[in-house]
J.: 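Here's a structure for you.
What you see is a predicted model; the values in this text were computed from it and never measured. Note that the numbering runs from 1 along the sequence shown for the chain.
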Amino acid sequence: MEKIYIFDTTLRDGEQSPGASLNIKEKAEIAQQLAKLGVDIIEAGFPISSPGDFEAVKLIAQTVEGPTICALARARTEDIKRAWEAISVAAKPRIHTFISASDIHIKHQFHKTRKEVLKIVQNMVALAKGYTEDVEFSPMDATRADRGYLCEMTELAIKMGATTINIPDTVGYVIPEEFSRLIAYLLTNVPNISEARLSVHCHNDLGLATANSLAAICAGVRQVECTINGIGERAGNASLEEIVMSIKTRADFFNLKTDIDTTQIYKTSKMVSHYTGMMVQNNKAIVGANAFAHESGIHQDGYLKKSTTYEIMTPQSIGLKSSRIVLGKLSGRHALKSRLKDLGYSLSDEELDKAFVKFKNLADKKKEVFDEDLIAIIEDEVFCIPEEFQLEYFNVTTGDQTIPMATVRVKRGKKIAQEAAWGNGPVEAIYNAIDKTTGMKCKLLDYSLRALTVDRDAVGEVTVRITSGKREVTGRGISTDVIEASAKAYLNGINKMIYERKRKKR
């Protein structure tokens, strides 16, 4: 398979997203992760834009191994010199210079003629070539430029030493079929086009950045410029994860490959989202929270029978552990039964019918039904767990200069058991005393406390997860006294464990 080179511009164009500014340390850490991801080129920044960006690009050039390190420079002498100062220490440096090719930019932004712009291209590409063999040139706003003039500019840039020609859809204007025709036109009408690698850089103003990039690939482009999570100016850039996973998932269609380690995609996405503060929308392709989540009953049923019925790629392929079944009002019996089995409950048909009715009633009231809700339905509504042990009395002594001690009295039928124990704190002390009175030794896996009401007399809810042998259960207790709530939660868990053992023996 032929290779598509992945040019990542998260640290340059991605950082130009409003509010996405990164400090030097953050840019360096993201660059290291991009190297692990396996990108071919990292556009580390725009060195002349600020002293901080210069230092970040220089640090990346010094410390990141593997990818080519690229610096952006306008077609100006001072920009190109500054870019070279930043990346000269890199093992594989590249200077990327650009100037507009469309008449609307040449006339209204640069106030120059086409001839004057061509002279700038000639001089600045030659200047960059004097510093490094690896020079990329971009005719900005290429998709709105006159085709004949675009060909003339491209031919000149290659003649002066450009080894990569990047065709930017700077304002996200072009349509995929139209872009394919433009690439084909350049490949046919630029005499020396074979002397450079052809690249594209697509923006997402019409939501077509990924589609346009893939159309260009089909037309013969072999480098794609993109960003993690598709961040960038205005509506963003082509998304790296979408392009890479399209090529991988549809290898039968493209017959192409990249060197990206796709299992690093999710980790990279989370890092960029965290550092930039730009959250990934839930329905974002590949890395969104819902990308591998199923809620519809029909989809869940198909997925549980065979995952490929509704998943064209595996979550593991991007670095996720598993897909997610979301239980809500659209979920069916198959999904509920599967989730309950995962939680350790094997229900009869009659019990499942009862649980399903309770589940549907709850699902109508809230968007998502969580595991804790299911446990409550099963243990409080379906099984109706009896209180094998009941808390009759407790007393706790604690302080910063006192060893925490607890005394508890527990009733089991007509029998009363009373024990005392100590612990590192009042909760551990009372749990140790409960273990003695019940004759059970349980391991506490998780403990959480939350207020159900407000003010100083708030009601507290304690939730514990305990285990004894292979069985894990969740216990809950409520009281205005957090120690009492803790004791009730622990006993609730023990009662559930005993009930489950008796149920299995029936």
Side-chain angles (χ1 to χ4, degrees), residues 1-10 13-14 39-41 43 96 98 101-102 136-151 153-154 164-190 193-194 196-260 262 265 284-287 312-313:
M1 290 184 180
E2 253 191 291
K3 174 182 171 178
I4 299 299
Y5 289 80
I6 301 298
F7 178 112
D8 185 276
T9 184
T10 303
D13 204 331
V39 304
D40 298 288
I41 305 101
E43 189 165 50
H96 179 194
F98 69 97
S102 70
E136 179 170 332
F137 173 72
S138 291
M140 188 162 66
D141 203 25
T143 55
R144 294 195 295 175
D146 175 79
R147 285 191 176 185
Y149 183 64
L150 180 61
C151 287
M153 182 180 284
T154 300
T164 299
I165 295 295
N166 178 56
I167 305 301
D169 184 24
T170 306
V171 291
Y173 176 75
V174 77
I175 304 300
E177 186 178 352
E178 186 182 19
F179 204 20
S180 295
R181 293 199 299 265
L182 174 60
I183 297 302
Y185 186 87
L186 291 170
L187 289 169
T188 303
N189 292 281
V190 177
I193 194 71
S194 62
R197 181 177 294 136
L198 197 55
S199 171
V200 288
H201 177 112
C202 297
H203 278 265
N204 205 38
D205 298 68
L206 293 176
L208 295 171
T210 296
N212 283 332
S213 299
L214 294 173
I217 286 172
C218 290
V221 162
R222 289 298 175 261
Q223 177 182 292
V224 180
E225 304 199 357
C226 43
T227 63
I228 302 298
N229 300 335
I231 64 173
E233 289 272 14
R234 304 180 312 280
N237 288 56
S239 163
L240 180 148
E241 57 274 10
E242 292 173 13
I243 291 168
V244 168
M245 292 307 293
S246 292
I247 293 170
K248 180 174 181 175
T249 305
R250 295 305 312 276
D252 61 313
F253 176 82
F254 290 103
N255 196 32
L256 298 166
K257 66 174 184 177
T258 72
D259 284 343
I260 297 296
T262 62
I265 283 177
K284 167 76 170 65
I286 316 299
V287 293
I312 60 171
M313 64 195 93

J.: To the nearest 0.5 Å, tell me how far I165 CD1 sits from M153 CE.
T.: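 Here the interatomic distance stands at 10.0 Å.
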
J.: Looking at residues at least two apart in the chain, or sitting in another chain, which of them share a side chain to side chain contact (heavy atoms under 4.5 Å, CB included) with K257?
T.: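 If we apply the side chain to side chain contact (heavy atoms under 4.5 Å, CB included) test to K257, skipping adjacent residues, the hits are M1, K3.
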
J.: What's the spacing between T249 OG1 and I312 CD1 if we round to 0.5 Å?
T.: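 It comes to 5.5 Å.
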
J.: Go through the structure and list residues passing side chain to side chain donor-acceptor pair (under 3.5 Å) with T262, not counting sequence neighbours.
T.: K248

J.: Find the distance between CD1 (I167) and OG1 (T143) and round it off to the nearest 0.5 Å.
T.: 9.5 Å

J.: Taking side chain to side chain contact (heavy atoms under 4.5 Å, CB included) as the test, write out the residues that go with K284, two or more places apart.
T.: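 Only S239, E241, E242, V280, Q281, V287 meet the side chain to side chain contact (heavy atoms under 4.5 Å, CB included) criterion with K284.
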
J.: Restricting to salt bridge (charged side-chain N to carboxylate O under 4.0 Å, His left out), what partner residues turn up for D141, sequence neighbours left out?
T.: R144

J.: Return the minimal non-hydrogen interatomic distance between P168 and S138, and the atom names on each side.
T.: CG-CB, 3.9 Å

J.: Under the ring-ring contact (aromatic ring centres under 6.0 Å, His included) rule, what pairs show up with a residue in residues 199-242, not counting sequence neighbours?
T.: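 As it turns out, the ring-ring contact (aromatic ring centres under 6.0 Å, His included) pairs with a partner in residues 199-242, which skip direct neighbours, are H201-H203.
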
J.: If we ignore hydrogens and angles and just use 3.5 Å, is the side chain of N212 paired with the main-chain N or O of V174 as donor and acceptor?
T.: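 Yes, because the side chain of N212 sits within donor-acceptor range (under 3.5 Å) of the backbone of V174.
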
J.: Going by the rule side chain to side chain donor-acceptor pair (under 3.5 Å), which residues pair with N204 if we only count those two or more places apart in sequence or in a different chain?
T.: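 Side chain to side chain donor-acceptor pair (under 3.5 Å) list for N204, sorted by chain: empty.
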
J.: Got a sec, which pairs hit salt bridge (Lys or Arg N to Asp or Glu O under 4.0 Å) with one end in residues 203-228, sequence neighbours left out?
T.: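 Only E2-R222, D205-R234 qualify under salt bridge (Lys or Arg N to Asp or Glu O under 4.0 Å).
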
J.: Does any non-hydrogen side-chain atom of I6 lie less than 4.5 Å from one of D259?
T.: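 With C-beta onward as the side chain, the pair stays apart.
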
J.: Within a radius of less than 6.0 Å around OH of Y173, do more than 12 heavy atoms belonging to other residues, nucleotides or ligands occur?
T.: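 At most 12 heavy atoms, drawn from other residues, nucleotides or ligands, come within 6.0 Å of this atom.
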
J.: Under the side chain to side chain contact (heavy atoms under 4.5 Å, CB included) rule, collect the residues that match up with S180, sequence neighbours excluded.
T.: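 S180 satisfies side chain to side chain contact (heavy atoms under 4.5 Å, CB included) with A215, A219 only.
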
J.: Dump the intermediate steps for side chain to side chain contact (heavy atoms under 4.5 Å, CB included) on I243 and T258, then the final yes or no.
T.: CA-CA 10 Å; I243 291 168; T258 72; over 6 Å; no

J.: Look up atom CD1 in I265 and atom CD1 in I286, then write down how far apart they are to the nearest 0.5 Å.
T.: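 Separation between the atoms: 7.0 Å.
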
J.: Quick one: CZ on F137 to CG on N166, what's the gap to the nearest 0.5 Å?
T.: 10.0 Å

J.: Can you find a pair of side-chain heavy atoms, one from I217 and one from L214, that are under 4.5 Å apart?
T.: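 The answer is yes; the side chains approach within 4.5 Å.
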
J.: The criterion is side chain to side chain donor-acceptor pair (under 3.5 Å); which residues satisfy it with N255, sequence neighbours excluded?
T.: none

J.: To the nearest 0.5 angstrom, please state how far the OG1 atom of T154 sits from the CG atom of L150.
T.: 4.5 Å

J.: Please check this pair: side chain of T10 against backbone of G14, looking for a donor-acceptor N/O pair closer than 3.5 Å.
T.: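 Checked: no pair found.
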
J.: Are any of the side-chain heavy atoms of C202 and F179 separated by less than 4.5 Å?
T.: yes

J.: Heavy-atom distance under 4.5 Å between the side chains of V200 and D169, does that happen here?
T.: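 V200 vs D169: side chains apart.
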
J.: Within the 4.5 Å heavy-atom criterion, are V190 and C151 side-chain neighbours or not?
T.: yes

J.: With a 4.5 Å heavy-atom cut-off, do C218 and F253 have their side chains touching?
T.: yes

J.: Name all residues meeting the side chain to side chain donor-acceptor pair (under 3.5 Å) criterion together with D146; count only those two or more places apart in sequence or in a different chain, and write none if there are none.
T.: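 Counting only residues at least two positions away or on another chain, D146 forms no side chain to side chain donor-acceptor pair (under 3.5 Å).
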
